[in-house]
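Below: one structure, written as structure tokens.
Only this structure's heavy atoms are used, side chains among them; waters, hydrogens and symmetry mates stay out. Predicted model, so just to flag it, every value in this text is computed and none were measured.
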Amino acid sequence: MPFRVLLPRILLEEMVCHACADCPVECCGLLAGIVEDGEGGKIGRAMARYPLVNAAASPIEFESEPRSMFAAVRDLTRRGLDILAVYHSHPTSEPVPSKTDLARNYSPDVVNFIVSLTTTPPTVRGWWLTAVDYREAEWEVVAI
């Protein structure tokens, strides 16, 4: 169910800071919020960020550590939020999904944000992924 993401500037800045702090290892995390009807279709309002531990500790792949994922899902469920997006960084490559990103896609129903550290400032792009392809997601940065 595609939706347009409204991403508060503070959450975007926190994602980028997380990517920079974990470099040269890929970072990973979740964005949670609510999906509602809006002008022109569904809108996902991101309201919380959950940084996760990259159990792979690799500069070219990530694997969400189960305990950090469990804690995040427990908290967002308690708050009545849904997972809207998964994010991770590409320390040495463009913010475009890799074959590994496609193969390990969390769900076709969430946006995948990729933070590339190859530019200054870092570049962030959002994608809808399937097991075999991807297309750019619609999103915008908002004040709140």
Side-chain angles (χ1 to χ4, degrees), residues 1-91 93-117 121-144:
M1 158 185 77
F3 50 85
R4 184 168 55 95
V5 177
L6 300 181
L7 180 61
R9 180 168 305 285
I10 188 70
L11 296 183
L12 174 63
E13 291 170 356
E14 289 174 357
M15 280 191 327
V16 170
C17 285
H18 184 191
C20 292
D22 281 11
C23 190
V25 171
E26 284 194 8
C27 78
C28 58
L30 303 173
L31 295 176
I34 58 171
V35 177
E36 56 194 11
D37 291 324
E39 265 186 53
K42 298 284 185 186
I43 295 174
R45 295 186 186 278
M47 303 165 78
R49 183 184 68 92
Y50 294 91
L52 302 175
V53 175
N54 179 355
S58 167
I60 58 169
E61 68 179 325
F62 74 94
E63 180 181 333
S64 301
E65 187 271 327
R67 284 179 296 211
S68 62
M69 176 67 98
F70 178 76
V73 170
R74 181 176 54 206
D75 186 70
L76 67 89
T77 301
R78 178 188 62 77
R79 295 174 61 187
L81 303 176
D82 294 312
I83 297 173
L84 301 182
V86 172
Y87 73 87
H88 73 282
S89 61
H90 282 184
S93 62
E94 297 300 313
V96 176
S98 67
K99 289 179 184 176
T100 302
D101 294 337
L102 295 176
R104 295 184 179 176
N105 183 24
Y106 174 79
S107 168
D109 298 324
V110 302
V111 173
N112 287 262
F113 283 105
I114 301 174
V115 180
S116 173
L117 301 177
T123 304
V124 180
R125 291 177 74 184
W127 305 94
W128 291 103
L129 306 183
T130 69
V132 294
D133 68 356
Y134 54 90
R135 65 181 166 72
E136 197 127 19
E138 231 186 291
W139 63 286
E140 70 179 274
V141 178
V142 295
I144 299 176

Nearest 0.5 Å, what's the [atom1]-[atom2] distance between [X] and [Y]?
X: Cys28; Y: His18; atom1: SG; atom2: NE2; result: 6.5 Å
X: Asn54; Y: Phe62; atom1: CG; atom2: CZ; result: 8.0 Å
X: Leu76; Y: Leu81; atom1: CG; atom2: CG; result: 6.0 Å
X: Tyr87; Y: Cys27; atom1: OH; atom2: SG; result: 5.5 Å
X: Leu84; Y: Leu6; atom1: CG; atom2: CG; result: 10.0 Å
X: Glu26; Y: Glu63; atom1: CD; atom2: CD; result: 12.0 Å

Side-chain heavy-atom pair [X], [Y] within 4.5 angstrom cut-off:
X: Val96; Y: Arg125; value: yes
X: Ile43; Y: Val35; value: no
X: Leu11; Y: Glu14; value: yes
X: Asn112; Y: Asp101; value: no
X: Glu13; Y: Val141; value: no
X: Ile114; Y: Pro97; value: yes
X: Thr130; Y: Arg135; value: no

Verify, without hydrogens or angle tests, whether [X] (side chain) and [Y] (backbone) share a donor-acceptor contact under 3.5 angstrom.
X: Ser116; Y: Ser93; answer: yes
X: Ser68; Y: Glu65; answer: yes
X: Ser89; Y: Pro91; answer: no
X: Asn105; Y: Leu129; answer: yes

Of the non-hydrogen atoms in [X] and [Y], which two are nearest, and what is the gap between them?
X: Cys20; Y: Leu117; value: SG-CD2, 4.0 Å
X: Pro122; Y: Val16; value: CG-CG1, 3.7 Å
X: Leu7; Y: Ala46; value: CD1-CB, 4.0 Å
X: Phe3; Y: Val111; value: CE1-CG2, 4.2 Å
X: Ala48; Y: Arg79; value: CB-NH1, 3.5 Å
X: Trp127; Y: Pro95; value: NE1-O, 2.9 Å

Problem set entry | Check ion pair Lys42-Glu36 (N to O, under 4.0 angstrom) |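 Salt bridge between Lys42 and Glu36, a charged N being under 4.0 Å from a carboxylate O: no.
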Exercise. Using 4.0 Å as the upper bound for N to carboxylate O, is an ion pair formed by Glu61 and Arg104?
Worked result: yes
Problem set entry | Test item: side-chain donor near acceptor, Asp22 and His88, under 3.5 Å |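 The answer is no; no qualifying pair exists.
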Exercise. Any side-chain donor paired with an acceptor under 3.5 Å for Tyr50 and Asp75?
Worked result: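 The criterion, which ignores hydrogens and geometry beyond distance, is satisfied for Asp75 and Tyr50.
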Exercise. Heavy-atom count around Glu138 CD within 6.0 Å, excluding the residue itself: above 12?
Worked result: no
For this session: Indicate, with yes or no, if the rings of Phe113 and Trp139 have centres closer together than 6.0 Å.
Result: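 Phe113 vs Trp139: aromatic centres under 6.0 Å.
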Exercise. Does the pair Leu30 and Val86 meet the rule for a side chain to side chain contact (heavy atoms under 4.5 Å, CB included), with working shown?
Worked result: CA-CA 5 Å; Leu30 303 173; Val86 172; 4.0 Å; yes
For this session: Could you check Val115 against His90 for side chain to side chain contact (heavy atoms under 4.5 Å, CB included), going step by step and ending with a plain yes or no?
Result: CA-CA 6 Å; Val115 180; His90 282 184; over 6 Å; no
